Amino acid sequence: MLKRPRIIAISVVLLLVVVVLNLPERWTSQLKFVIGGFFIPLFGLAGSSQSLVSKAGDTLAPRSALVQEIETLRLENQSLQIRLTQAAEIQRENDRLRSQLGIARQYAWKLKYAQVIGRDPANWWRAVHIDLGARDGMQPDLVVLTPQGLVGRIADVGATRSRVILVGDPNCGVAAMISETRDATGVIAPSSSGGFDNTLVDLTKLSHNSNLKPGQSVMTSGKGGVFPPGIPIGQIVDSRVMEFGLYAEARVKLAVDYNKLEDVWVKMP
Amino acid sequence: MSRATLFLLLVTAFIEVFLECWFDGFRRVLGAQISFLPALMVYTGLTATLPATCLVAVCGGMWLDSLSSNPLGISILPLIVVGWGVYVARDFFLRDQTVAQFFAGAAGSLVAPVLTLLLVYTLMPSRSAVPLPSVNWEHLPTVEGEFSHGGTQLLRPSLSWHMGVKLLLMALGGALATPLVFRLFDFLNRIFNYSPVAPSSFRADRQIIRGRQ
């Protein structure tokens with residue numbers, strides 16, 4: 001049934017698979033970016049065509065709509081400037097009180113804008129690719145967020161792009177807490193009952209006597225060592241007691257809709 | 001199979017992997033990304049030699065894994081299985097029939113992701129690595145830190161009933177795509193390859209030879 005060339009072909013492929021699967025993690029990570037580098041021209045082409053379509057859409061937009069949008073943005077800008085002035089005063093007060101108490105000063109985040117250029121093709125992972133890489137100062141474990149809330153963390157970094165693991169992926173655990181009570185801390189894990197709704201995750205390993213209510217806000221606790229405290233994650237949908245009362249678990253609706261994720265911010269070190 | 005057809009197969013696989021990563025429409029509408037690589041493997045298995053089938057599977061698998069969180073090389077074996085399975089049974093396929101193409105595509109598009117998931121589950125540890133609750137939550141640094149910096153093993157994905165539905169959607173999408181792949185390559189072959197010589201209407205046994213024998 002199998003002739004010699006066929007046996008050789010199958011054997012070579014099997015050997016190749018065994019060798020590649022047994023390579024050290026760092027090598028495979030680099031190899032992935034080398035092979036993925038072949039796609040850079042296509043990603044560039046897709047980005048250019050998207051911006052062309054967007055520009056064409058802008059030229060077709062009526063002048064009245066643009067003027068109205070500018071007016072809305074001008075008002076929003078003024079409101080934000082007033083808030084910024086207030087926040088600066090609160091920051092100064094916070095710094096002064098922290099120095100009096102001997103607590104380390106908090107510094108403003110340095111953020112870098114990035115665009116989502118692709119998504120993980122496999123249906124069982126939650127990851128996206130962004131257009132910033134090592135040459136833009138990216139490194140593993142940098143926090144990725146949007147104005148709505150936490151997106152995830154950078155997992156692998158190539159020269160011109162990086163892979164971001166999203167919250168809800170099994171490899172992106174997040175130490176979280178309920179912002180109202182601040183004492184109920186747990187871990188964000190993939191949803192066990194989310195169905196096709198990829199905006200649902202589980203907040204698990206909560207203390208069994210946590211006072212959980214739908215609508216409570218969930219944010220990062222900062223106890224995990226990767227994500228700083230205070231980044232919004234989502235809101236509690238419902239909760240249940242697990243393992244005969246050993247711990248509690250809550251379903252959380254994420255603040256960020258991954259289906260509409262196009263622009264993100266990376267928190268630089 | 002000509003070298004031009006093999007080259008076209010590799011280019012199609014490359015573009016398909018890119019579109020799978022870049023185009024998000026199926027995921028938004030159906031909730032699952034549809035992969036056309038198994039459909040391409042069905043076509044390759046039916047028309048190409050085994051080494052050519054292996055080449056398409058290796059390139060397609062490596063390209064797919066390079067853009068995914070899958071361990072590199074894990075998608076090769078399932079694609080080989082699809083291509084090889086079709087190759088071995090190619091004499092029993094009515095390859096020009098759309099129905100046969102549909103069912104072969106459905107089987108291939110179901111087998112490939114199921115085998116990939118099985119391999120992922122065999123090679124990756126479970127979530128039991130995440131520690132149980134304790135009073136002071138001092139274990140929490142490991143939750144975010146242990147799986148970072150690319151230094152340790154990745155956790156396997158969580159499975160539930162909706163993953164089964166996603167796999168069925170993938171099978172249906174692949175089934176619908178397979179006849180299209182056949183039409184596409186028929187068209188491309190007509191463009192890039194020499195057209196077959198049309199049979200002559202002359203029949204030697206009907207030749208009337210005049211004169212005496």
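Bear in mind that the values here come from a model prediction, so they are computed numbers and not experimental data. In the text below, chain A, chain B and the rest are named by the order of the sequence lines, each starting its count at 1.
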Would you mind reporting whether B/M62 and A/V20 have side-chain heavy atoms less than 4.5 Å apart?
-> yes
Relative to chain A, which of B/L19, B/D24, B/N70 shows the most heavy atom pairs under 4.5 Å?
-> B/N70
Rounded to the nearest 0.5 angstrom, the OG-CG distance for B/S66 and A/L31 is 9.0 Å
Correct closest heavy-atom pair for B/C54 and A/I10 would be SG-CD1, 4.2 Å
Check each atom of A/R161 against the heavy atoms of chain B and say whether the ones under 4.5 Å are side chain, backbone, both or neither.
-> side chain
Is it the case that more than 12 heavy atoms not belonging to B/F103 sit under 6.0 Å from its CZ atom?
-> no
List the steps, then state whether side chain to side chain contact (heavy atoms under 4.5 Å, CB included) holds for B/V120 with A/W125.
-> CA-CA 11 Å; B/V120 165; A/W125 303 115; 4.2 Å; yes
Applying a strict 4.5 Å limit to non-hydrogen atoms, the region of B/L72 in contact with chain A is both
Where on A/L16 is there a heavy atom nearer than 4.5 Å to chain B: the side chain, the backbone, both, or neither?
-> side chain
Heavy atoms of B/S68 and A/K32 approach each other most closely as O-NZ, 2.7 Å
Could you check if a side-chain atom of B/K166 sits within less than 4.5 angstrom of a side-chain atom of A/W124, using non-hydrogen atoms only?
-> no
Once the angle between the rings of A/F39 and B/F18 is folded into 0 to 90°, is it parallel (under 30°), tilted (30 to 60°) or perpendicular (over 60°)?
-> parallel
If you look at every heavy atom in A/N123 and B/M163, which pair is closest and at what distance?
-> O-CE, 4.0 Å
Heavy-atom side-chain contact between A/L21 and B/P71 under 4.5 Å | yes
Please report the closest heavy-atom contact between A/I35 and B/W63, naming both atoms and the distance.
-> CG2-CD1, 3.6 Å
Let me know if A/F38 has heavy atoms under 4.5 Å from chain B in its side chain, its backbone, both or neither.
-> both
For A/L14 and B/L77, what are the C-alpha separation, side-chain angles and deciding distance, and is it a side chain to side chain contact (heavy atoms under 4.5 Å, CB included)?
-> CA-CA 8 Å; A/L14 285 177; B/L77 277 182; 3.4 Å; yes
Can you tell which of A/T28, A/V19, A/L42, A/V157 has the highest number of heavy-atom pairs within less than 4.5 Å of chain B?
-> A/L42
Sort B/F14 into side chain, backbone, both or neither according to what part of it lies under 4.5 angstrom from a heavy atom of chain A.
-> both
Closest heavy-atom pair and its distance - B/R28, A/N259 = NH2-O, 2.8 Å
Measure distances from A/A122 to the heavy atoms of chain B and classify the residue's part below 4.5 Å as side chain, backbone, both or neither.
-> both
Smallest separation among heavy atoms of B/L50 and A/R6, with atom names | CD2-CB, 3.4 Å
Minimum side-chain heavy-atom gap B/S69-A/R163 below 4.5 Å = yes
When heavy-atom pairs shorter than 4.5 Å are enumerated against chain B, which of A/G37, A/P121, A/P24 gives the highest number?
-> A/P121
Spacing of B/E20 atom CD and A/R119 atom CZ [to the nearest 0.5 Å] = 14.0 Å
Rounded to the nearest 0.5 Å, what's the gap from SG on B/C21 to NE2 on A/H129? Could you check?
-> 4.5 Å
Taking atom CH2 of A/W109 as the centre, does the number of heavy atoms from other residues, nucleotides or ligands within less than 6.0 Å exceed 12?
-> yes
Where along residues 43-52 of chain A does a heavy atom come under 4.5 Å of chain B, listed by residue number?
-> A/F43, A/A46, A/Q50
